[in-house]
Amino acid sequence: MFIGHFGVAFAAKRLAPRTSLATLVMAAQFLDLLWPILLLLGLEHVRVVPGITKVQPFDFYDYPFSHSLTMAVRWSLAVGLLYYLVRRYVRGAWVAGGLVLSHWVLDLLVHRPDLPLWPGGPKYGLGLWNSWPASISVEVILFGAGIWLYLSSTRARDRVGVYAVWSLIAVLSLGWLVAVSGPEPTDTHQLALGTLGLWIVVPWAWWADAHRENSR
Ligand SMILES: [Zn+2]
């Protein structure tokens with residue numbers, strides 16, 4: 001899953017109005033922000049197997065630290081606790097922790113059975129990536145609904161508050177289109193470096209959110 005995770009982050013602004021969109025995005029994508037770092041460190045592995053699913057060609061055969069359920073629960077508790085210690089905003093802490101876990105649940109929907117319950121444990125995945133229409137609809141519905149909720153619960157304080165948020169939405173949409181329809185990366189090092197680029201979204205979301213205020 002790609003833009004669907006961002007949809008959930010945008011939507012969460014309504015649940016935790018005082019939490020920055022940057023935190024929400026970072027939490028919802030925490031496992032995928034961690035993953036390229038673990039790949040580059042050689043602690044996790046992926047290989048390209050063209051045709052392994054219809055939508056994307058990667059075989060995620062070894063990612064226990066970023067994508068096993070028990071580790072996702074730990075990351076979720078760690079992020080929620082850290083957020084509470086820094087901000088003292090209980091609601092925001094629950095939402096940030098919940099978002100980390102939401103990533104695993106949404107990945108479960110689209111991945112092949114490659115998501116382990118615990119490192120080395122049995123693997124699950126409902127495999128929506130085997131259907132183009134189902135994958136595209138889930139991503140578009142989550143992303144669209146999330147943006148709508150975010151835009152209706154905040155309003156721009158100035159022009160930057162409009163441009164920054166719409167350019168973020170455009171870049172995410174474009175990134176997703178390239179990921180699903182662009183040329184398949186053959187080299188996994190390149191894939192890891194490309195995924196590392198996701199981090200740019202965090203300061204971008206902070207910038208957009210700092211120029212908006214809650215409308216209710
Ligand atoms: Zn993931």
Side-chain angles (χ1 to χ4, degrees), residues 1-17 19-37 39 53-58 60 66-67 79 95-96 98-111 128-129 132-156 159-185 190-212:
M1 175 137 326
F2 187 84
I3 50 172
H5 294 302
F6 291 100
V8 175
F10 275 114
K13 183 72 177 179
R14 184 162 282 212
L15 293 175
T19 303
S20 167
L21 183 64
T23 304
L24 302 172
V25 160
M26 202 203 246
Q29 278 293 41
F30 190 79
L31 306 183
D32 281 1
L33 289 168
L34 202 62
W35 178 64
I37 299 170
L39 283 179
T53 71
K54 288 219 171 70
V55 176
Q56 60 78 28
F58 305 112
F60 303 99
S66 65
H67 280 75
V79 167
V95 169
L99 283 172
V100 175
L101 203 57
S102 82
H103 184 105
W104 196 89
V105 176
L106 290 180
D107 272 3
L108 181 71
L109 206 62
V110 295
H111 279 238
L128 228 55
W129 272 338
W132 274 104
S135 304
I136 303 282
S137 350
V138 167
E139 297 264 16
V140 168
I141 290 169
L142 283 173
F143 193 53
I147 290 168
W148 181 78
L149 282 167
Y150 179 76
L151 293 177
S152 61
S153 50
T154 62
R155 64 170 162 249
R159 299 180 75 120
V160 178
V162 177
Y163 299 142
V165 81
W166 282 104
S167 57
L168 175 62
I169 292 167
V171 162
L172 289 171
S173 310
L174 207 69
W176 176 56
L177 287 177
V178 170
V180 295
S181 63
E184 293 179 353
Q190 198 188 324
L191 170 69
L193 289 175
T195 312
L196 210 54
L198 262 185
W199 278 96
I200 189 74
V201 168
V202 177
W204 203 322
W206 176 82
W207 176 52
D209 204 62
H211 288 267
R212 299 183 69 86

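No hydrogens, no waters, no symmetry mates; every other heavy atom, side chains included, goes into these values.
- A donor and an acceptor atom, one from each side chain of H67 and D107, are located under 3.5 Å apart.
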When the side chains of residues 200-208 are checked against the rest of the protein, which donor-acceptor pairs come out under 3.5 Å, sequence neighbours left out?
{"from": "W204", "atom 1": "NE1", "to": "A164", "atom 2": "O", "distance (Å)": "3.3"}
{"from": "W204", "atom 1": "NE1", "to": "S167", "atom 2": "OG", "distance (Å)": "3.3"}

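- Legend: residues meeting ring pair (Phe, Tyr, Trp, His ring centres under 6.0 Å) with F10, ordered by chain and number and at least two apart, are Y150.
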side-chain contact (heavy atoms from CB on, under 4.5 Å) for F6 and L21? Distances and angles first, verdict last. CA-CA 10 Å; F6 291 100; L21 183 64; over 6 Å; no

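- Partners of S135 under the side chain to side chain donor-acceptor pair (under 3.5 Å) rule, at least two apart in sequence or in another chain, do not exist in this structure.
- The line from CD of Q56 to OG of S181 is 13.5 Å long, rounded to the nearest 0.5 Å.
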Step-by-step side-chain contact (heavy atoms from CB on, under 4.5 Å) determination, R212 to L151: CA-CA 10 Å; R212 299 183 69 86; L151 293 177; 3.6 Å; yes

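- Once rounded to the nearest 0.5 Å, the distance linking CG of L101 with CG of L31 reads 8.5 Å.
- Residues that satisfy the side-chain contact (heavy atoms from CB on, under 4.5 Å) test with V178, not counting sequence neighbours, are absent from this structure.
- Across A96 and A27, no two heavy atoms sit closer than the pair O-CB, 3.4 Å.
- Residues passing the side chain to side chain donor-acceptor pair (under 3.5 Å) test with T19, sequence neighbours excluded: Y83.
- Partners of F60 by ring pair (Phe, Tyr, Trp, His ring centres under 6.0 Å), not counting sequence neighbours, listed by chain and number: W35, Y63, H111.
- T195 contributes atom OG1, which lies 10.5 Å from atom CD of Q190 (distance to the nearest 0.5 angstrom).
- In this structure, CG in L198 is found 8.5 Å from CG in L172, a value given to the nearest 0.5 Å.
- Under the side chain to side chain donor-acceptor pair (under 3.5 Å) criterion, S66 pairs with E44, sequence neighbours left out.
- With a 6.0 Å radius and a threshold of 12 heavy atoms from other residues, nucleotides or ligands, W132 has its CH2 atom above the threshold.
- Applying the ring pair (Phe, Tyr, Trp, His ring centres under 6.0 Å) criterion to W104, with sequence neighbours excluded, gives no partner residue.
- Side-chain contact between V110 and T53: absent, with no pair of heavy atoms (C-beta onward) separated by less than 4.5 Å.
- Listed by first and then second residue, the salt bridge (charged side-chain N to carboxylate O under 4.0 Å, His left out) pairs involving residues 199-209 are K13-D209 (not counting sequence neighbours).
- Atoms CH2 and CG, on W199 and D32 in that order, are 11.5 Å from each other to the nearest 0.5 Å.
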Would you list the atom pairs, donor with acceptor, under 3.5 Å between side chains in residues 138-149 and any protein atom, with sequence neighbours excluded?
{"from": "E139", "atom 1": "OE1", "to": "F2", "atom 2": "N", "distance (Å)": "3.2"}
{"from": "E139", "atom 1": "OE1", "to": "I3", "atom 2": "N", "distance (Å)": "3.0"}
{"from": "E139", "atom 1": "OE1", "to": "G4", "atom 2": "N", "distance (Å)": "2.7"}
{"from": "E139", "atom 1": "OE2", "to": "F2", "atom 2": "N", "distance (Å)": "2.9"}

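- The distance from the NE2 atom of H5 to the CG atom of L33 is 10.5 Å, given to the nearest 0.5 Å.
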